[in-house]
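Just below is one structure, and these are the notes that go with it.
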Amino acid sequence: MTNIHPIHDRIVQRSEREATNGHRAGVVWLTGLSGSGKSTIAAAVERELFSASHFVVLLDGDNVRTGLCGDLGFSLEDRKENIRRIAETAKLFVAAGAQVLCSFVSPTREIRSMAKNIIGADDFYEVFVNTPLEVCEARDVKGLYVKARAGEIKGFTGIDSPYEAPESPFLDLKTADQTVEASAGEVVLAIRDQLALQR
Ligand code: ADP
């Protein structure tokens, strides 16, 4: 009984994967209102890291809500289950050595704290895409604010469902007077130091 998990010595370790990739793994968790810029920034960051040959993965509503979480709606309970599955998925990718970009409104501190606990505090980098409601509403990328104001969508974050801003995010990104490139550049700069192999 010297080793109860003999296979453990044989499986490829995260540290081996990180050494091969040339960077550390981790999760960049972008939170903010609808239209704040999460998906746009995440896509730009993904492109930049991919160009630098990083193993990078983007999780957002588009690729999660259709399959993995296709059975879930937008009740508080479903929102929690949605984030729980996403966080577990992100954790698997971290074990595989990836830099994971998660782009989700994730409106409450409780929900984000659950994600952080699942992923592990050391691997969780919270980015607050800090765009005022007025700016998000003026952008109204998907026409959702107009519908929410008209009462056609109930429980819309920022209108009739609360958004709790992070208290001490890893990065507080104020996008209102910034180009997409500048916002993405700020994220890349911040995580480049944190996720570099040597620090
Ligand atoms: P979210 O994913 O948070 O719902 P989106 O990324 O879909 O938001 O939409 C954000 C919109 O705001 C896009 O049309 C984008 O071009 C625009 N935008 C303007 N400035 C910025 C910025 N600095 N960062 C991100 N998006 C910006």
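As the structure lists them, so they are numbered: ligands from 1, and atoms in each ligand from 1. The first residue of the sequence shown is numbered 1, and numbering continues consecutively from there.
Residue Leu33 approaches ligand 1 through these ligand atoms, each under 4.0 Å from one of its heavy atoms: 3 (O). Heavy-atom proximity to Ser34, at under 4.0 Å, picks out these atoms of ligand 1: 4 (O). Of all the atoms in ligand 1, the ones that sit under 4.0 Å from a non-hydrogen atom of Ile41 are 24 (N), 25 (C). Each of the atoms 23 (N) of ligand 1 lies under 4.0 Å from some heavy atom of Thr179.
Protein heavy atom in closest approach to atom 4 (O) of ligand 1: Gly35 N, 2.8 Å. Regarding atom 3 (O) of ligand 1, its nearest protein heavy-atom neighbour is Lys38 NZ, 2.7 Å. With hydrogens left out, the protein atom closest to atom 15 (C) of ligand 1 is Thr40 OG1, 3.8 Å, a heavy atom.
When the heavy atoms of Val187, Asp60, Val180 are ranked by distance to atom 16 (O) of ligand 1, first place goes to Val180. When the heavy atoms of Val129, Val141, Asp177 are ranked by distance to atom 11 (C) of ligand 1, first place goes to Val141. Selection from Gly37, Gly32, Ser39, Ser36 by nearest heavy atom to atom 2 (O) of ligand 1 gives Ser39. Among Arg139, Lys174, Gln178, the residue whose heavy atom lies closest to atom 12 (O) of ligand 1 is Arg139.
When side chains are defined from C-beta on, Phe170 does not count as touching Val28, because their heavy atoms never get closer than 4.5 Å. Contact of the Glu18 side chain with the Arg14 side chain is registered, since non-hydrogen atoms from C-beta on lie closer than 4.5 Å. Between Glu137 and Arg149, some side-chain heavy-atom pair lies under the 4.5 Å cut-off.
Using modelled atom types and a 3.5 Å distance limit, the side chains of Glu164 and Thr108 yield no donor-acceptor pair.
To the nearest 0.5 Å, atom CZ of residue Phe124 and atom NZ of residue Lys116 are 7.0 Å apart.
Ring geometry for Phe55 against Phe93 counts as perpendicular: the plane angle is over 60°, on a 0 to 90° scale with 30° as the lower cut.
Annotation: Ser103 places no N or O atom under 3.5 Å from an N or O atom of ligand 1; distance criterion only.
Under a 4.0 Å N-O distance rule, the pair Asp140/Lys142 does not qualify as a salt bridge.
At a threshold of 4.5 Å between side-chain heavy atoms, the hydrophobic network of Ile, Leu, Val, Met, Phe, Trp and Tyr places Val127 and Ile111 in two separate groups.
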